[in-house]
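Below is one structure, written out as structure tokens, with a few remarks after it.
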Amino acid sequence: MNTGPQNDWFDKDFYKTLGVSKDASDAEIKKAYRKLARKYHPDANPGDEKAEEKFKEIGQAHQVLSDKESRAQYDQVRAMGGGARFSAGAGGPGGAGGGGFDDVFSDLFGGGGRTRTRTTYGGGGDVPPDLADLLNGFGGGGGGYGGGFGGGYSPPVKGGDIKSSTTLSFTEAINGASVKLNMPGGKPLTVRTPIGVKDGQKIRLAGKGKASPNGGETGDVILTVHVKPHPVFTRDGDNLRMELPVTFDEATLGAEVKVPTLGGMPVKVKIAPGTPSGRTLRVRGKGVKTKKGTGDLLAEVEIVAPKNLSKEAKAAVEAFQAATEDDDPRDGLLETAKAS
């Protein structure tokens, strides 16, 4: 997913894109993203360029707001962008051609991008550098072997972390995938994601980050994984969930129907006579495989009423209605509601 350079954060309202308030909880953001992603998913809107663009915007908004650090930095940037933008001309600070406020943020958040994976190391990437670190850099503060106000020896410090992110398909996240990350110096780092990785999960790659400035440990790479929604399945821990449409006669009389599995052959499940909507059927061993074991596939029955009936079918339904007119599924409902 291509989120573009972060200097467009001034102009993009990610909260509005997802239809949530600025103080929305993580759960509200995730729920809104899933709903919109299903609606505008390219598989559900083949050939619709506007839907595809909307899907990308939704993904970008979720990618920023679902991560606590990047959300906080986004809020800071948006707050700074509330007023006029400053820029220094030839006579401004820095001399001729010196960049101003706008240039600082262009350097800070700009830079090229990749459609699949980005890495942050002081410029560009999905997650901008920590603003506090940037300000500390402006103010100095000692360091190095002879650093410090007293001029004494400073102990070795660990190198900085590199923040990176990647987007996987739902199936890749379940089965694990190899991704390449851009690193400082141009040498890519190949990473194998764990089997069953979850959306928003952070993976720490020890010793793969920035070198220490004074002989200490090398920093780490912090990889955030984003998972695209699936048009059929959702994840519930190590279980997979889906809605299983069944006809009225299948639910009433009972039937045996095929149920899809993730990346495998469909399986047959039995619908018991008189099965209501909302009942969950469990298919064991068809969920997410992890080191702890394998989850199940949970299929929630959804009875679908026919939209267009032939004359014969309508007559049959009317005959059924007449034959069951004494059966009232709402019998006692009003009395029970009043009693409480």
Side-chain angles (χ1 to χ4, degrees), residues 30-31 33-48 51 55 168-177 195-199 227-290 292-331 333:
K30 185 174 183 180
K31 182 178 180 180
Y33 165 67
R34 285 181 177 274
K35 181 179 179 181
L36 292 173
R38 280 193 175 191
K39 180 179 179 181
Y40 293 102
H41 195 283
D43 292 345
N45 303 273
D48 189 337
F55 182 75
L168 303 178
S169 70
F170 191 86
T171 303
E172 286 176 329
I174 298 299
N175 298 329
I195 294 175
V197 66
K198 298 179 181 179
D199 182 46
V227 181
K228 295 179 182 178
H230 195 280
V232 174
F233 301 102
T234 57
R235 187 168 176 177
D236 182 3
D238 291 339
N239 296 325
L240 294 178
R241 286 190 174 273
M242 61 164 291
E243 293 181 353
L244 178 63
V246 300
T247 63
F248 170 76
D249 56 284
E250 288 173 336
T252 303
L253 303 177
E256 189 175 70
V257 300
K258 289 183 178 180
V259 176
T261 61
L262 184 65
M265 296 294 292
V267 296
K268 290 184 177 180
V269 297
K270 289 185 177 180
I271 307 294
T275 295
S277 276
R279 177 171 294 178
T280 299
L281 308 178
R282 184 182 295 269
V283 182
R284 298 194 178 278
K286 294 299 181 180
V288 181
K289 293 182 180 180
T290 65
K292 298 180 181 179
T294 304
D296 302 328
L297 173 61
L298 307 177
E300 183 176 328
V301 173
E302 180 184 5
I303 299 176
V304 180
K307 295 182 179 179
N308 299 309
L309 292 175
S310 65
K311 290 183 179 180
E312 294 78 6
K314 184 177 181 181
V317 174
E318 290 173 344
F320 172 80
Q321 182 183 38
T324 58
E325 61 181 356
D326 293 333
D327 297 333
D328 185 2
R330 294 175 296 281
D331 184 30
L333 179 63

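All heavy atoms count here, side chains included; hydrogens, waters and symmetry mates do not. Not measured: the values here are computed from a predicted model.
- When each of L298, L297, T294 is tested with K286 by the rule side-chain contact (heavy atoms from CB on, under 4.5 Å), just one qualifies, namely L297.
- Atom CD1 of I174 is separated from atom OG1 of T290 by 10.0 Å, given to the nearest 0.5 angstrom.
- N308 is linked by a side chain to side chain contact (heavy atoms under 4.5 Å, CB included) to nothing, counting only residues two or more places apart in sequence or in another chain.
- Partners of A315 by side chain to side chain contact (heavy atoms under 4.5 Å, CB included), not counting sequence neighbours: none found.
- Partners of D249 under the side-chain hydrogen bond (donor to acceptor under 3.5 Å, both in side chains) rule, at least two apart in sequence or in another chain, are T247.
- Here the CZ atom belonging to R34 is positioned 12.0 Å from the NZ atom belonging to K31, to the nearest 0.5 angstrom.
- Among residues at least two apart or in separate chains, there is no salt bridge (Lys or Arg N to Asp or Glu O under 4.0 Å) pair with a member in residues 297-312.
- Between the side chain of D48 and the backbone N or O of Y40, no donor-acceptor pair lies under 3.5 Å.
- Pairs passing the side-chain hydrogen bond (donor to acceptor under 3.5 Å, both in side chains) check and including a residue from residues 313-324, sequence neighbours excluded, do not occur.
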Going by atom type alone, with no hydrogens or angles, which donor-acceptor pairs under 3.5 Å involve a side-chain atom of residues 229-244 and a protein atom two or more places apart or on another chain?
{"residue": "H230", "atom": "ND1", "partner": "V232", "partner atom": "N", "Å": "3.0"}
{"residue": "H230", "atom": "ND1", "partner": "F233", "partner atom": "N", "Å": "3.2"}
{"residue": "R235", "atom": "NE", "partner": "G237", "partner atom": "O", "Å": "2.8"}
{"residue": "R235", "atom": "NH1", "partner": "G196", "partner atom": "O", "Å": "2.7"}
{"residue": "R235", "atom": "NH1", "partner": "V197", "partner atom": "O", "Å": "3.2"}
{"residue": "R235", "atom": "NH2", "partner": "G196", "partner atom": "O", "Å": "2.8"}
{"residue": "D236", "atom": "OD2", "partner": "R241", "partner atom": "NE", "Å": "2.9"}
{"residue": "D236", "atom": "OD2", "partner": "R241", "partner atom": "NH2", "Å": "3.4"}
{"residue": "N239", "atom": "OD1", "partner": "D296", "partner atom": "N", "Å": "2.7"}

If you look only at distance, which donor and acceptor atoms sit under 3.5 Å apart when one is on a side chain in residues 253-267 and the other is two or more places apart or in another chain?
{"residue": "T261", "atom": "OG1", "partner": "G264", "partner atom": "O", "Å": "3.4"}
{"residue": "T261", "atom": "OG1", "partner": "M265", "partner atom": "O", "Å": "2.9"}

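- Within the structure, every pair that satisfies the ring pair (Phe, Tyr, Trp, His ring centres under 6.0 Å) test and touches residues 240-282, not counting sequence neighbours, is listed here: F248-F320.
- The side-chain heavy atoms of V269 and V283, taken from C-beta on, include a pair separated by under 4.5 Å.
- Across every non-hydrogen atom of I271 and A251, the tightest pair is CG2-CA, 4.2 Å.
- Applying the ring pair (Phe, Tyr, Trp, His ring centres under 6.0 Å) test to every pair with at least one member in residues 260-284, sequence neighbours left out, gives no pairs at all.
- Shown here are the side chain to side chain contact (heavy atoms under 4.5 Å, CB included) partners of A272, two or more places apart in sequence or in another chain: T275.
- Results of the side-chain contact (heavy atoms from CB on, under 4.5 Å) test with V246 over V301, L281, V304, T252 single out V301 as the only residue that passes.
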